[in-house]
Number of protein chains: 2
Amino acid sequence: MSDASTPSPKRSTYRHGDLRNALLDAGIALARQGGPDAVVLREATRQAGVVPNAAYRHFASREDLLLAVRAYALSQVAHAMEAELDRLDPSMDALCYARGSVRAIGTGYLRYAHAEPGLFKTAFSSHEQVESDHDPAKAGASGMNPFQLLSMALDRLAAAGGLPPERRLGAEYLAWSAVHGLALLVSEGPLHHLPEPLRQALGQRLLDMVEKGL
Amino acid sequence: MSDASTPSPKRSTYRHGDLRNALLDAGIALARQGGPDAVVLREATRQAGVVPNAAYRHFASREDLLLAVRAYALSQVAHAMEAELDRLDPSMDALCYARGSVRAIGTGYLRYAHAEPGLFKTAFSSHEQVESDHDPAKAGASGMNPFQLLSMALDRLAAAGGLPPERRLGAEYLAWSAVHGLALLVSEGPLHHLPEPLRQALGQRLLDMVEKGL
DNA sequence: TAGCTTATGTGTACCGTGTACACATTGGTG
DNA sequence: CACCAATGTGTACACGGTACACATAAGCTA
């Protein structure tokens with residue numbers, strides 16, 4: 001979290017040293033508890049111990065800072081997905097593995113939505129260009145964003161014969177839609193405080209539905 | 001839209017007559033184009049031709065106004081659902097009719113999300129108590145909110161044998177989740193500008209998925 | 001009908017947020 | 001060592017939500 005943690009109200013150096021990261025860290029912390037609306041530029045600068053306008057040397061606007069936070073959140077979602085993918089047994093036959101991949105993607109998504117509701121909401125508020133830009137270097141470990149990971153899993157499924165070619169087109173939107181809805185309910189909604197096993201079960205049923213229905 | 005439309009900067013009467021509704025109308029208009037964040041108290045009072053603080057005689061806070069707008073939006077969603085339900089042929093056998101009901105609910109939801117993205121987002125931002133309060137009089141024509149309509153359709157489906165009893169519990173969340181995700185993509189996201197037939201097709205595929213997977 | 005009460009709109013004021021613009025400070029480079 | 005570019009500061013403004021005191025009108029009551 002860089003050196004933004006130094007609680008000194010006025011640092012002595014004038015030069016901060018790493019303000020951009022300090023602001024980003026603060027923004028992430030704000031988003032974590034409170035979602036995108038909680039990412040307040042002035043509050044971030046306060047936490048970093050600088051004057052509000054200092055932020056403008058590193059971000060063009062509040063929106064720009066929020067975008068950086070979103071990029072971080074997206075990469076975290078991707079990480080969560082990859083963590084589930086890593087639990088798969090690679091020795092399975094191709095079809096099972098492909099199905100498991102799609103499930104893992106969904107499970108990671110749902111897990112993250114529940115574990116980090118604020119960041120999750122931040123990642124997907126304003127669904128604009130979820131798949132586009134933000135330089136590839138800082139995405140997930142594999143360099144892919146969540147949407148790309150899903151696409152890949154679906155490609156694998158199609159290749160293994162688990163998804164008829166005529167249904168491949170648009171399949172990411174179907175799968176994403178279905179899981180995203182539940183993720184929202186789980187992250188900010190009525191289902192967040194559901195007992196763990198029940199939530200888990202709902203997730204599994206939903207993934208069953210996707211698997212059968214794709 | 002009441003008499004809020006009179007463009008006179010200062011009305012002559014001092015008493016507005018129906019300020020509460022004028023503010024509500026303005027709030028609805030704002031939400032329609034811009035979603036919940038666009039519901040700005042001061043702007044609503046401007047459109048109504050009164051001073052900002054006048055709003056506080058009718059709404060406890062901005063949040064309170066937003067709540068009223070949300071209630072309206074929810075009732076509109078319910079209407080859209082009922083409109084689809086009305087298109088069903090009542091002479092079908094019970095199972096078909098029940099399945100058609102569930103589909104109709106989903107179709108109405110998706111239609112509304114596309115037709116009125118701003119109000120749709122307003123209706124379901126902050127998923128808190130979607131099913132609770134807001135006096136029954138001003139809900140849909142049947143007096144039911146979207147969630148209740150879905151519940152009813154699922155009850156019908158279960159009664160007709162189209163949904164095993166052990167799967168009835170939580171079924172509304174599964175169905176809602178799946179459709180809600182697509183509705184979001186369609187209302188604010190990458191899928192809003194999809195050509196009509198494609199969007200329609202995606203919706204149908206999703207509803208197929210729900211039907212099979214419930 | 002005069003006067004009181006209450007509902008409803010007005011004025012003024014304060015704080016928080018985003019952001020523009022000019023100025024200060026400092027590390028690095030010729 | 002002088003200068004420059006990068007980066008932080010100060011001041012200032014517009015906008016939004018909202019509290020508090022005040023004005024005005026609509027009705028009721030005497």
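Here is the naming used below: chain letters follow the sequence lines, and residue numbers restart at 1 for every chain. All figures in this text were calculated on a predicted structure; none of them were measured in a lab.
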**OP:** Starting from P on C:dA7, measure out to OH on B:Tyr14 and report it in whole angstrom.
**Re:** 15 Å
Subject >> Any residue meeting side chain to side chain contact (heavy atoms under 4.5 Å, CB included) with B:Pro90, in chain and number order, not counting sequence neighbours >> reply: none
**OP:** Under the side chain to side chain contact (heavy atoms under 4.5 Å, CB included) rule, collect the residues that match up with B:Glu116, sequence neighbours excluded.
**Re:** B:Arg32, B:Tyr112, B:Leu119
Original post:
So A:Phe124 and A:Tyr109, would you call those rings parallel, tilted or perpendicular, with 30° and 60° as cut-offs?
Top reply: tilted
Original post:
Mind checking what makes side-chain hydrogen bond (donor to acceptor under 3.5 Å, both in side chains) contact with B:Arg46, not counting sequence neighbours?
Top reply: B:Glu43
Original post:
What residue pairs, at least two apart or across chains, pass side chain to side chain donor-acceptor pair (under 3.5 Å) with a residue in residues 200-214 of chain A?
Top reply: A:Arg103-A:Gln204, A:Arg103-A:Asp208, A:Arg103-A:Glu211
Subject >> side-chain hydrogen bond (donor to acceptor under 3.5 Å, both in side chains) partners for B:Glu172, two or more places apart >> reply: B:Ser151, B:Arg168
Original post:
In whole angstroms, how far is the C1' atom of C:dC14 from the CG atom of B:Asn53?
Top reply: 12 Å
**OP:** Could you state the atom-to-atom distance from CG of B:Leu30 to P of D:dG17 in whole Å?
**Re:** 10 Å
Subject >> Rounded distance in Å - CG (B:Leu19) to C1' (C:dT10) >> reply: 12 Å
**OP:** In whole angstrom, give the distance that lies between atom CZ of A:Arg57 and atom C1' of C:dA22.
**Re:** 10 Å
**OP:** Quick one: list whatever passes side chain to side chain contact (heavy atoms under 4.5 Å, CB included) with B:Pro117, sequence neighbours left out.
**Re:** B:Ser187, B:His192
Original post:
Nearest of D:dG8, D:dT9, C:dG11 to any side-chain atom of B:Val51?
Top reply: C:dG11
Original post:
A:Asp18 has an atom CG; how far is it from atom P of D:dG8, in whole Å?
Top reply: 10 Å
**OP:** Report yes if a side-chain nitrogen or oxygen of B:His58 is closer than 4.0 Å to either non-bridging phosphate oxygen (OP1 or OP2) of C:dG9; otherwise report no.
**Re:** yes
Original post:
Distance from A:Leu30 atom CG to A:Leu41 atom CG, nearest 0.5 Å?
Top reply: 10.0 Å
**OP:** Please state how far atom CG in B:Asp37 lies from atom C1' in D:dC15, giving the value in whole angstrom units.
**Re:** 15 Å
**OP:** Quick one: which residue pairs count as a salt bridge (charged side-chain N to carboxylate O under 4.0 Å, His left out) with a foot in residues 47-63 of chain B, not counting sequence neighbours?
**Re:** none
**OP:** Please list, chain by chain and in numerical order, all residues satisfying salt bridge (Lys or Arg N to Asp or Glu O under 4.0 Å) with B:Arg156, sequence neighbours excluded.
**Re:** none
Name the pairs: protein N/O against N/O of nucleotides 27-29 of chain D, kept only if under 3.5 Å.
none

Original post:
Tell me, for nucleotides 1-6 of chain D in 5' to 3' order, what letter each nucleotide earns: B for a base near a protein heavy atom under 4.0 Å, S for only sugar-phosphate near one, - for neither?
Top reply: -----B
**OP:** Just jot down the salt bridge (Lys or Arg N to Asp or Glu O under 4.0 Å) partners of A:Arg199, sequence neighbours excluded, or say none.
**Re:** A:Glu196
Tabulate protein N/O versus nucleotide N/O from nucleotides 15-18 of chain C, keeping only pairs under 3.5 Å, one per line.
unit_1 : atom_1 : unit_2  : atom_2 : d
C:dT17 : OP2    : A:Arg46 : NH2    : 2.6
C:dG18 : OP1    : A:Leu41 : N      : 3.1
C:dG18 : OP2    : A:Leu41 : N      : 3.3
C:dG18 : OP2    : A:Arg42 : N      : 3.0
C:dG18 : N7     : A:Arg42 : NH1    : 2.4
C:dG18 : O6     : A:Arg42 : NH1    : 3.1

